[in-house]
S.K.: 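The structure that follows is given in the form of structure tokens.
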Amino acid sequence: VVVVRNGNHTEWFSLEFQGEIVSRGAPVDGLHIGNLRFEQGTPIMELGNHKLTGQIVELDKPLLVLRKDETSMQLENQETSWVSKGLVTKKILFRDRPKIRLNN
């Protein structure tokens with residue numbers, strides 16, 4: 001996930017949940033699952049009427065985010081090329097059970 005903090009600084013994070021995110025009928029790919037915000041530096045994820053509080057953890061090894069370059073596929077080029085989109089050096093870990101939100 002891409003997070004923009006302080007209006008201009010963009011960071012890439014990996015999200016780690018304990019348990020499973022299940023969608024009834026719709027595929028999970030590209031599905032909006034919730035809202036992520038930061039309160040005094042602490043990540044808060046809202047999934048429906050559930051609220052998860054997370055913590056930011058440094059990754060042991062960074063992850064490179066790649067996207068397949070579609071223009072190279074259209075040029076009858078047999079080689080697949082990839083475009084680097086970002087580097088993930090941290091993850092947001094949600095290790096506790098979600099709390100129920102009773103109001104907005």
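For the single chain, residues carry numbers from 1 onward in sequence order.
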S.K.: Within the structure provided, determine whether Val88 and Pro62 are in side-chain contact (heavy-atom separation under 4.5 Å).
M.R.: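 Val88 vs Pro62: side chains apart.
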
S.K.: Of Glu58, Glu11, Glu16, which is the lone residue that meets salt bridge (Lys or Arg N to Asp or Glu O under 4.0 Å) with Lys91?
M.R.: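 It is Glu16, the one option of Glu58, Glu11, Glu16 that forms the salt bridge (Lys or Arg N to Asp or Glu O under 4.0 Å) with Lys91.
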
S.K.: What are the two closest non-hydrogen atoms of Ile56 and Pro43, and how far apart are they?
M.R.: CG1-CG, 4.1 Å

S.K.: Can you tell me how far CG of Leu64 sits from OG of Ser84, rounded to the nearest 0.5 angstrom?
M.R.: 4.5 Å

S.K.: Nearest 0.5 Å, what's the NZ-CH2 distance between Lys85 and Trp12?
M.R.: 7.0 Å

S.K.: Using side-chain heavy atoms (C-beta onward) and a distance below 4.5 Å, is Leu87 in contact with Leu63?
M.R.: no

S.K.: Are any of the side-chain heavy atoms of Ile33 and Met45 separated by less than 4.5 Å?
M.R.: yes

S.K.: Counting only heavy atoms not in Arg97 (residues, nucleotides, ligands), do more than 12 fall under 6.0 Å from its CZ?
M.R.: no

S.K.: To the nearest 0.5 Å, what is the distance between NZ on Lys68 and OG on Ser81?
M.R.: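 Nearest 0.5 Å value for the NZ-OG distance: 9.5 Å.
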
S.K.: Answer yes or no: is there a side-chain heavy-atom contact under 4.5 Å between Leu47 and Pro98?
M.R.: no

S.K.: Would a 4.5 Å heavy-atom cut-off, applied to side chains only, mark Ile92 and Phe38 as touching?
M.R.: yes

S.K.: Mind running side chain to side chain contact (heavy atoms under 4.5 Å, CB included) on Ile100 and His50 for me, showing each step along the way?
M.R.: CA-CA 5 Å; Ile100 302 292; His50 294 90; 3.4 Å; yes

S.K.: Going by heavy atoms in the side chains, are Leu93 and Phe17 under 4.5 Å from each other?
M.R.: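 Answer no - side chains too far apart.
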
S.K.: So if you build clusters from Ile, Leu, Val, Met, Phe, Trp, Tyr with side-chain heavy-atom gaps below 4.5 Å, do Leu59 and Val65 land together?
M.R.: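 Yes, same cluster.
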
S.K.: Within this structure, what is the NZ-OG1 distance for the pair Lys61 and Thr89, rounded to the nearest 0.5 Å?
M.R.: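 Answer rounded to 0.5 Å: 15.5 Å.
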
S.K.: Find out whether Asp69 and Trp82 are in side-chain contact, i.e. whether some heavy atom of one side chain is under 4.5 Å from a heavy atom of the other.
M.R.: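 A side-chain contact under 4.5 Å is absent here.
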
S.K.: For a 4.5 angstrom cut-off between non-hydrogen side-chain atoms, does Thr42 reach Thr53?
M.R.: yes

S.K.: Step by step, work out the side chain to side chain contact (heavy atoms under 4.5 Å, CB included) result for Ile44 and Leu36.
M.R.: CA-CA 6 Å; Ile44 306 291; Leu36 176 65; over 6 Å; no

